[in-house]
Colleague: 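Below are the C-alpha cells for one structure; questions will follow.
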Amino acid sequence: MIAKYQPQEFEGKWREKWKEEGLYGTPLRSLNQRATLGAGKKKFYTLVELPYTSGDLHVGHWFSFTIPDILSRFKRMNGFNVFYPIGYDAFGLPAENAAIKHKIHPKDWTLKNVENMTKQFQTMGTMLNNWDDVVITCLPEYYRWNQWIFLKFWEKGLAYRGKALSNWCPSCQTVLANENIENGKCWRCGNPVIQKQVEQWFLKITDYADRLLWNNHSNGVDWPVSVRVGQNNWIGKKEGVLIKHKVRDLDLVFESFSAFPAWLWADTFIVIAPEHPLVERLVQGTKYEKESEIFVKRMKGKTQEERLKEIDTKEGVFTGRYAKDPFAYAQGKPADMPIWISNFALMDFGSGIIRCSAHDPRDYAFAQKYKIELKEVVERSDKKTPVNAHDNKGILKNSGLFTGKKIEESLAEIVGWIVKQKIGKKHFNYHLRDWSVSRQRYWGTPVPMINCSNCGTVPVPEKDLPVGLPYEVDFTPKGKPFGSAQGKPPLASNEKWLNVKCPKCGKNAKRDAETLDTFFDSAWYWFRYVSPHYDKAPFDKKMVKDLTPVDVYFGGSEHTLGHTMYARFFTKFFHDLGLVDYEEFALKRIQHGVVLGPDGNRMSKSKGNVINPDEVVKEYGTDTVRMYLCFMMPYEATGPWSDKTIAGVHRFLNRVWKIYQNFQFSILNFQSNPNSQNPNDKSNPKSKIQNQDKTLVAKLNKTIQKVTSDIEKIKMNTAIAAMMEMINDWETVVNSQFLISKFQSNPKSQIQNKKNNETMKQLNNSLSVENAKKFLQILAPFAPHMTEEIWRNVFGEKESIHLSSWPKAMETVAETITIPVQVNGKVRDLLIVNSELLIDEKKVTDLALKSEKVKKYLAKKKYRAIYVQGKILNLVVQ
RNA sequence: GUCGGGGUGGCGAAAUUGGCAGACGCGCUGGCUUGAGGUGCCAGUUCCCUUUAAAAAGGAUUGGAGGUUCAAAUCCUCUCCCCGACACCA
C-alpha cells in the first residue's frame, strides 16, 4: 500500500530532472545578461576550498561540500542570488608521482581525474552551480593569469630572485617542499634532509606583514580566533631595539636585535649563528680559525632531524674576536664582549646575532658550559631566579642611569636613551619570511621570465602570455635530478621550449625553467570563478564587484598558516593594483574538522578503514549520507564515522517518508469524497485550521524558527535534532489516536484494515496541507531528493521545492506556559500558568503557594520571592 | 616552553544577556511484530544511595577545590588533565 522509502529509485531521476530544468545552472551566464542581479536580488557567495585532483572523492569531500550546500540552498530559498562554485587545484607534485608510477603523463592523469571526480561530485546532489564553467588551474586559460600576476609582482618590485636556506636532499640533489619530508627524511630516497642555500624566486610578503596582522576588530570580518591568533603568531611582530656593535681590531659593524631592552646592561657576550655570512671574516686570521671552520662545517652538515634532536645541546666555539659593548662605553667604563659561534643562534631570526646575558636560560646554560663571565641587572623580591626574568619585572641594578628603577616603569625611557645615545634604534622584528614561490619541478605554472646573457633577467612581455607548459618534457628523475648544479629542472630538458629570443635585445636567451608553487594558483582562484573564461584580465572587474567578497569561506584548519594567508596577501596586492576595493576577500571563515575512520584513526588505505561514499550511497541513498554528515558532530569537530548512527538518520528519513505517504492517501481519500472537508481545498481555508492539532502547529513554527537560525549559524546538527523532535511529536499525535482505535477494534485482521483509515483520519487532524508543506521545505536543503519526490508527487507541485520560498515562522502564542518553582534554588514543582497571567508576579506566586509540594518545602516559614517573568519562580526561605 | 581551544551519561553530543542539566541520535533493557535473523513499532534508560510490595519520593551530579549570586555547565580565583598550532623567537 504505502510505498517503501527507497531513495535509490528516485534520487538519480531527480538529479537528471534538475539538470533538465536548469535548476542549478550557473548564475554567471544570466548575470552576464544582467538578468538575475538586475532583478534586485542580493548575492550570496559560498566558497569551499577547491579540491585537489587526487582521483577519487572521499568522505572528506562530502563533508566539506555538503554543509556549505545546505547553507547555499537555504540562502537561495531566502531569495538570494547564490553563487556556489567549484574548481580544481590541478597542478602539483602528486600528479608527477602518479605519472612516474603509472607511466602516464601528469596532464592526462589530472584531466582524467577531473572527469571522474566531476561525475562523483554530481552524485552528491549539491547545488554547485558552475559545472559548465569549472576552473581548472592547470589549463593555460588559468595559469596565464598566474603569470600575469607574477609579472605585476615583478613590476612592483615584490618578486625577486634570491638565495634562502631550504630543505635539501643531498642524495636526490633537489629542494623539497615541507610536505615531502617525513620525520626529517626525503620522501623519495629516505635519506636525511639538510638545510641548504638555494637560489629561487621570492615574493615579498614581508612588505605586507603589518597589513596581514589581525587587529582587535578582526579586520572587520568574521574569522575564527584560531586563524587570527595563528597567523599573528606566524607573522610574529615583536617590538624591540637593534643595537649597533663594532668589532675590535676589524673594520666591521653588525647589529643585534633585543626584545628586552632592560637587560642590555647585563649582556656580557655575543653569539653568532654558524651559517652567518660574517663568520668567515670574523675568524679569519685568528688562532681559532681552524677550530671554527670545523665547527661551522659540522653544524651546517646537520640534518633537520638531528637539529631537532639536539635542541637541548648548546655547543659553540670562540671566534677569537671581541665586540665593543656600547653600553659600557656610554658609561665611560669600556668593556668588550667575546664573540662565540653557536648552534642556538638562528640564522632566520633577528639578525642571526644575539647579545647574551645571565637573564636568559639558554644564554645562561651556554655561559656556564664555557665559563663565560656573567652579570646580573635584575633584582627580584620573589623567589624566581633572574634567569627566568622574561616577564620584564623587577628592579634594575648595574644599569647606569637606570639603576634602582622598576623595569616595567622605565622601558620607554630606556629605549629613548638608547636612541639618543645612538647606541641603537627602535625596531620591529618579524618571524614571517618572504615566500619562496618557485619549484624545480615540472607540473606547475612556468615562471614567465627570460634569462639573457646580455640584459639579465627579462620579464616575458604581457602580449606573449601564456608561456605554455610544454607537454614533451623529461620529468622522470634520472642520474642527475632536478635543481642540482649539474642537473637541471625538468623544463630545461625541452630545448625547443627553453631557447627564446630576448624580448629586449633579440639575442639568444633561455627561459626560466622553474614553475610556481601551487599555493600561488590557489591564492586568487575565487576571483577567477566569477569569470572563468575572461581573456582581458585575471577577472572581469564588474563581475567581481557584483559577486564578491565571498560571504562564507569553508575549509580545513591545515590552511591556517599557508593558503588563507597567501590568499589574504593576494587580495591586498590586488587592492593596491586597483582591481578590488577591499582588503579581506572573505567576510566569514569556517573551518571544518575531519571525519575519521570507524576505528577512530585517520582514514587511509593501508589501515583499511576508508569509508567509500559510493558504497554508503548505494546502501542508504544520498540524502541519508548528507544528513548523517550534518548530524554526526558539529562541523568544526573531528570524530569517527559510525555505521550505527547513519542507520539512525536513515530511520528518521524513513519516518518522514511514511508520514507523507499517509498524507498522500488522506488527500486522495478526501478528493474522492467531495463532501468531506478537503484540507487541500484552498477555497475553504477555515477547515484547515480547525482540524489541526494546535500544539503541533506551535511546535512546527518553533521548529521553523530553530532550523532557520541554526542553518544561519552553521549548526546543522541541532537543526536536524529539532526536525527529529518535530517528527516525534507528529508521530505521537498520529499514533495516540491510532492506539485508541486499536483498543476498540477486535480481531487482528481488522486492525490491519483499520490501520490506514485511522491514520489517515488523524493526519487530517494533525497538520494542514499548508503546514505539512512547510516542514518539507525546511527539510529540503538537507534531503533535497526525498523532499522533491514528496513535493511533486504527494502535493502535486509543478515547480521544484528548491525554488520555493523559505517558510516564515508564525508567531504562535501558547495558551499555557510551564513555570518551574524553586524553593531555595531547587525545583520543587512545575506550574502550568495561563500565558496572560505571566506578567503578574503575585498571581503566579499565589498559584505556586497552592502547590502541596511547594508548601511542604516552605514549611510555613517566611520567604522572599524572585520571579523572572515567564521563566522561573524562586522562593527563598531564610 | 609559548600561544590557542577544550573537559557535561556507556558513546556522539545539546543547553551561554546566569534561570527545569543531559534535547536529538547511537547503544543498552523489556515488550510487540517475525518460522528465525534483521527491519519496523511501543516502553524505559545520568549515577548512586535511602524509604517502598509497587507506584513513587528523597539525595548527589557538568575534571577537582574555593568564591560571587535568590539561582552557576555558564561569571571570578587556584589547580589537574586532554587536544591543536608554533617551537633553540634572543
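Quick note on labels: first sequence line is chain A, next is B, and so on, each numbered from 1. Predicted model, so just to flag it, every value in this text is computed and none were measured.
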Colleague: A:Asn717 side chain N/O closer than 4.0 Å to the phosphate oxygens (OP1, OP2) of B:G12?
Modeller: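 No, outside the criterion.
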
Colleague: Choosing from B:A13, B:C26, B:G19, which nucleotide comes nearest the side chain of A:Ala637?
Modeller: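 Ranking B:A13, B:C26, B:G19 by closest atom to the A:Ala637 side chain puts B:A13 first.
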
Colleague: Can you confirm whether or not the ring centre of A:Tyr620 sits under 6.0 Å from the ring centre of A:Tyr628?
Modeller: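 No, ring centres 6.0 Å or more apart.
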
Colleague: Is the A:Trp730 ring parallel, tilted or perpendicular to the A:Tyr660 ring (thresholds 30°, 60°)?
Modeller: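 Rings of A:Trp730 and A:Tyr660: perpendicular, as their planes differ by over 60°.
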
Colleague: Quick one: sort the A:Trp263 and A:Phe260 rings into parallel, tilted or perpendicular, breaks at 30° and 60°.
Modeller: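 Correct class here is parallel.
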
Colleague: Could you work out which one of B:C20, B:A60, B:A15 sits closest to the side chain of A:Pro820?
Modeller: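 Given the options B:C20, B:A60, B:A15, the side chain of A:Pro820 is closest to B:C20.
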
Colleague: Categorize A:Tyr857 for me: base, sugar-phosphate, or nothing, with a 4.0 angstrom heavy-atom threshold over every strand shown.
Modeller: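 Touches sugar-phosphate only.
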
Colleague: What does A:Ala647 touch in the nucleic acid at a heavy-atom separation under 4.0 angstrom: a base, only the sugar-phosphate, or nothing?
Modeller: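 Nothing, no nucleic acid heavy atom in range.
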
Colleague: How many whole angstroms separate atom CD1 of A:Ile646 from atom P of B:C24?
Modeller: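 So the CD1-P distance, A:Ile646 to B:C24, works out to 21 Å.
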
Colleague: When all nucleic acid strands are considered with a 4.0 Å heavy-atom cut-off, which category describes A:Leu561: base, sugar-phosphate, or nothing?
Modeller: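 Sugar-phosphate, no base atom in range.
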
Colleague: Can you tell me which nucleotide in B:A87, B:A14, B:G19 comes closest to the side chain of A:Val868?
Modeller: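 So the nucleotide nearest the side chain must be B:G19.
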
Colleague: Where the side chain of A:Arg864 is concerned, which of B:G25, B:C70, B:G40 is the nearest nucleotide?
Modeller: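 So the side chain of A:Arg864 is nearest to B:C70.
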
Colleague: Quick one: is B:A15 close enough that its OP1 or OP2 comes under 4.0 Å of any side-chain N or O from A:Lys715?
Modeller: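 For B:A15, OP1/OP2 do have a side-chain N/O of A:Lys715 under 4.0 Å.
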
Colleague: Looking at A:Asn874, I'd like to know whether one of its side-chain N or O atoms comes within less than 4.0 Å of OP1 or OP2 on B:C20.
Modeller: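 Checking A:Asn874 against B:C20: no side-chain N or O falls below 4.0 Å of OP1 or OP2.
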
Colleague: Look at all strands and tell whether A:Arg228 reaches a base, only sugar-phosphate, or nothing, counting heavy atoms closer than 4.0 Å.
Modeller: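 It contacts nothing in the nucleic acid.
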
Colleague: Under 4.0 Å, heavy atoms only, any strand: does A:Asn429 hit a base, just the sugar-phosphate, or nothing?
Modeller: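 No contact.
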
Colleague: At less than 4.0 Å, is any side-chain N or O atom of A:Arg651 found next to OP1 or OP2 of B:C41? Yes or no.
Modeller: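 Answer is no, no contact under 4.0 Å.
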
Colleague: Please classify the nucleic acid contact of A:Pro640 as base, sugar-phosphate, or nothing, using heavy-atom distances under 4.0 Å.
Modeller: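 The residue A:Pro640 makes no contact with any strand.
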
Colleague: Just by modelled atom types, is the A:Thr313 backbone N or O under 3.5 Å from a matching donor or acceptor in the A:Asn343 side chain?
Modeller: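 Answer holds: yes.
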
Colleague: Could you tell me whether A:Ser258 contacts a base, only the sugar-phosphate backbone, or nothing, with contacts defined as non-hydrogen atoms closer than 4.0 Å?
Modeller: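 Answer is sugar-phosphate: A:Ser258 comes under 4.0 Å of backbone atoms only.
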
Colleague: Please state the P separation for the pair B:C42 and B:A85 - nearest whole angstrom.
Modeller: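 Rounded to whole Å, the distance is 45 Å.
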
Colleague: Between B:C70, B:A60, B:C20, which nucleotide gets closest to the side-chain atoms of A:Ile866?
Modeller: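 Closest of the options to the side chain of A:Ile866: B:C70.
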
Colleague: With both distances under 3.5 Å as the test, what is the Watson-Crick or G-U wobble partner of B:C49?
Modeller: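 Base-paired to B:G58.
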
Colleague: Can you tell me if A:Lys644 touches the phosphate of B:G10, counting only side-chain N or O atoms and a distance under 4.0 Å to OP1 or OP2?
Modeller: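 No, because none of the side-chain N or O atoms of A:Lys644 sits under 4.0 Å from OP1 or OP2 of B:G10.
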
Colleague: Does A:Thr560 offer a backbone N or O that forms a donor-acceptor pair with the side chain of A:Gln231 under 3.5 Å?
Modeller: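 At least one qualifying donor-acceptor pair exists.
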
Colleague: Considering Watson-Crick and G-U wobble pairs with both distances under 3.5 Å, what does B:A23 pair with?
Modeller: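 Matched B:A23 with nothing under the 3.5 Å cut-off.
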
Colleague: Does B:G9 count as syn, meaning its glycosidic angle lies within 90° of 0, or as anti?
Modeller: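 Because its glycosidic torsion lies within 90° of 0, B:G9 adopts the syn conformation.
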
Colleague: Which word best sums up how the rings of A:Tyr5 and A:Trp657 line up, parallel for under 30°, tilted for 30 to 60°, or perpendicular for over 60°?
Modeller: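 If you compare the ring of A:Tyr5 with that of A:Trp657, the planes turn out tilted.
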
Colleague: So what does A:Lys853 touch, heavy atoms closer than 4.0 Å: a base, only the sugar-phosphate, or nothing?
Modeller: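 The residue A:Lys853 makes no contact with any strand.
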
Colleague: By the 4.0 Å heavy-atom rule, please label A:Gly648 as base, sugar-phosphate, or nothing.
Modeller: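 Sugar-phosphate contact only - A:Gly648 comes under 4.0 Å of backbone atoms but never of a base.
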
